[in-house]
Amino acid sequence: MDQSILPVIETALLKVAHDKGFETARDRLEAMSPQCGFGELGTCCRICYMGPCRIDPFGNGPKTGICGLTPDAMVARNLLRDTVGGTASHVGHARHVLLTLRDTLNGKAPYQIKGVSKVMALAKTFDVPTEGREVNDICRDLVNIALEDFGRQDEEPNNWLSKRAPQVEQEMWKNLGLMYSNPHNEIETAMHATSMGNDADPMSMMLRVLKMSLIDGWTGLTLTVDLQDILFGVPEIAVTEAAVGVLEENSVNIAAHGHNPVLSEKILEWAAKLEGQARDLGADGINVVGVCCTGNELSMRHGVRLAAHNSQTELILATGAVDAMVVDIQCIWPQLAQVAKCFDTAFITTDAMVRIPDAIHIPFEPHHADDSAKEIVLKALDAFRRRKGKPVDIPQLKSQAVAGLSVEAIINLLSKLNAEDPLKPVLDNVANGNIFGFVGVVGCSSIKFRDNAMTEEMVKHLLRQNVLVLTTGCTAHICAQDGLMTSEATYRYCGDGLKTVLEVLGKAAGLDGPLPPVWHMGACVDNSRIVDLMVALAERLGVKVGQLPAVGSAPELVQEKAVSIGGSFLALGVSCHIAPAPKILGGPMVTQLLTEGLQDILGSVVRVELEPKAAADWMVAHIAEKRTALGL
Ligand code: NFS
């Protein structure tokens, strides 16, 4: 039996909270169980005020909504609204970073262009001339190309989609009418189509789900990451640590939580600048730690240590050791303010869109980034002064982790094995079976699956069968905390083939041992990095992305964003495992479409498996089919 570390960490965290009398999300879930069956099946509609309507899919009672809407239309409409929520979140993030970059170039925001190599790479993609030009000028052209996407009122295809997405797949999307122009218009149209008395055709709405997912993939994720790399640099391989034990009793602990590095990068900068003031207060220093996806961003670019995934956020506050938790956007539980209130912890919201009762609100916008970041760090120092000397309860548990595996970092590493054709060593090892296939394990952490250690156990089953795991988001936190991003994990969990490959790569990377078997590729927006890597492999092989021996998995789905990300994988022809079941089972046609029918349209399917081994077995079998089709 493997000694898993993460269950020990989570038990310790829960104990700290319960010993102090806090109720946790698990308690709230239990009090709410069983959850609404209509909601779970997707056959609850509350869009108009004749409703709410509920349809029992087992045939008891009404067969349609009051307006006559069928169960399939109802679940498709609800699913479309989920993807709109997810896509709007990522597109909003993209636009915020875009405007920050524009303002940086205009001298109105205090940031710099750190990713010159990314500017050059994108200039090539977008045919922007570079000869004899300043980096800022080249960058300004890229910004204008991106801004054009948000202003279009014609039907010309979106720039980021048409230039960044693979060509063969674009043909397929064109034939299905999925190409988009202005993401904002599509979000508006989808909300309009799903309001009362418009689209009632489940198939039409499912096509919109796919279109929305494409917007998520190419504007929400890819554009965001391209621009963040320009502003903050392209990640390089770095060693870090993960789990609650990264908090330090005698340091000013600042937990950066949310998604947008435009805030957290500045917090990191100001923490370094105010380190002296912290020491004057008797602290060992300022300890910035990362939570959720903004934590992933910081770990990827600076090796900042990771403190908590999403379902641990309230638990790390219960240690009493967090002096400030500063948040930007998305995945922020209102409960956090309530826990913080019981300690000296300053819980600080910064975005006008994220106001939480009992939080301290310090508006943060890029033009005045330095003033706000300084104010926030000073608030943390203040909180430390009040906390100093009081008992805290930090479980001394953490794991080492390798992070920073951007596509560029991976290619750099592979170049050491084959400078002319860096992807060849990977493809050779795929061909000989040392790498059986790839799984992108992405998305959230869910209290519904933490007790069966869903993500980490599933990953171990995959590794034993020589499947290389690429991860982002909260599943990256889970893998990091469980020690799966270490050389030791390669020895302990990998099949012989995968172990051999990782040993060679570890040597090339100058590590003491093999490369870890689970590659930390970033935050949820960085799923575009996984896609970029798959596209590069497919193009090198001369096949479609969907033909690769690769699968996506969101083993602990929580957020709407994970639904639209899953859709963007499906649109590429990459099948996805998911748990729990999406809220579609009340619609037989929609369920059939996603679990089987999509195969004929896009070459991908959705599979629901709630147990780690069953999930891994399905993925391995699916990969085996892809290998056979490729003649491997
Ligand atoms: Ni992704 Fe990040 Fe975590 Fe899920 Fe939330 S933090 S963007 S949505 S919960 S992985």
Side-chain angles (χ1 to χ4, degrees), residues 25 82-94 96-97 213 216-217 219-225 228 242 255-264 289-300 304 306-316 325-336 351 354 403 440-450 454-456 459 470-481 518 520-531 552-569 576 578-580 582:
D82 281 357
T83 53
V84 169
T87 301
S89 302
H90 286 141
V91 168
H93 182 164
H96 187 268
V97 179
S213 302
D216 190 71
T219 296
L221 311 184
T222 307
L223 176 62
T224 301
V225 174
Q228 287 182 171
H257 174 15
H259 289 80
N260 193 339
V262 170
L263 170 70
S264 53
V289 296
V291 173
C292 290
C293 281
T294 212
N296 286 327
E297 298 281 359
L298 292 177
S299 72
M300 288 288 284
V304 163
L306 298 168
H309 58 66
N310 197 247
S311 46
Q312 295 170 336
T313 48
E314 61 181 343
L315 304 178
I316 60 160
M325 178 176 268
V326 49
V327 305
D328 47 71
I329 48 167
Q330 305 167 13
C331 304
I332 297 147
W333 297 8
Q335 180 67 12
L336 301 180
D351 194 292
V354 183
V441 178
V442 308
C444 323
S445 68
S446 166
I447 48 160
K448 292 182 176 175
F449 292 97
R450 289 288 70 233
M454 178 72 186
T455 297
E456 57 272 41
V459 165
L470 315 169
T471 186
T472 57
C474 285
T475 54
H477 281 261
I478 290 176
C479 293
Q481 291 191 22
V518 177
H520 188 340
M521 295 191 70
C524 276
V525 287
D526 293 313
N527 284 320
S528 69
R529 298 192 200 276
I530 297 183
V531 169
S553 169
E556 303 191 25
L557 167 70
V558 173
Q559 244 270 15
E560 292 165 317
K561 290 179 288 174
V563 178
S564 45
I565 291 169
S568 72
F569 283 7
C576 291
I578 195 171

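Counting convention: from 1, in listed order, for ligands and their atoms alike.
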T83-S213 side chain donor-acceptor pair, cut-off 3.5 Å: no
Contact partition for H259 relative to ligand 1, non-hydrogen atoms under 4.0 Å: side chain
Between T471 and T475: side-chain donor-acceptor atoms closer than 3.5 Å: yes
Heavy-atom nearest neighbour in the protein, as seen from atom 3 (Fe) of ligand 1, with distance rounded to 0.1 Å: C474 SG, 2.3 Å
Pick from V558, I332, N310: the one approaching atom 9 (S) of ligand 1 most closely through a non-hydrogen atom: N310
Close side-chain approach of L263 and T294, heavy atoms under 4.5 Å: no
Mode of C444 contact toward ligand 1 - side chain, backbone, both, neither (heavy atoms, under 4.0 Å): both
N/O/S atom of C293 inside 2.8 Å of atom 2 (Fe) of ligand 1, strictly under: yes
Metal proximity, C292 vs atom 1 (Ni) of ligand 1, N/O/S cut-off 2.8 Å: no
Residues N527 and T472: side-chain donor-acceptor under 3.5 angstrom: yes
Modelled atom types, side-chain donor and acceptor of K561 and H93, under 3.5 Å: no
Contact with ligand 1 for G443, non-hydrogen, under 4.0 angstrom: yes
Atoms of ligand 1 close to C331 [distance to a heavy atom under 4.0 angstrom, numbered from 1]: 5 (Fe), 6 (S), 8 (S), 9 (S)
Distance filter under 4.0 Å to Q559 heavy atoms, resulting ligand 1 atoms: 8 (S)
Working for side-chain hydrogen bond (donor to acceptor under 3.5 Å, both in side chains), residues E556 and T455: CA-CA 7 Å; E556 303 191 25; T455 297; 2.7 Å; yes
Side chain D328, main chain H259, donor-acceptor under 3.5 Å: yes
Protein contact of atom 1 (Ni) of ligand 1 - nearest heavy atom, named by residue and atom, plus distance: C524 SG, 2.2 Å
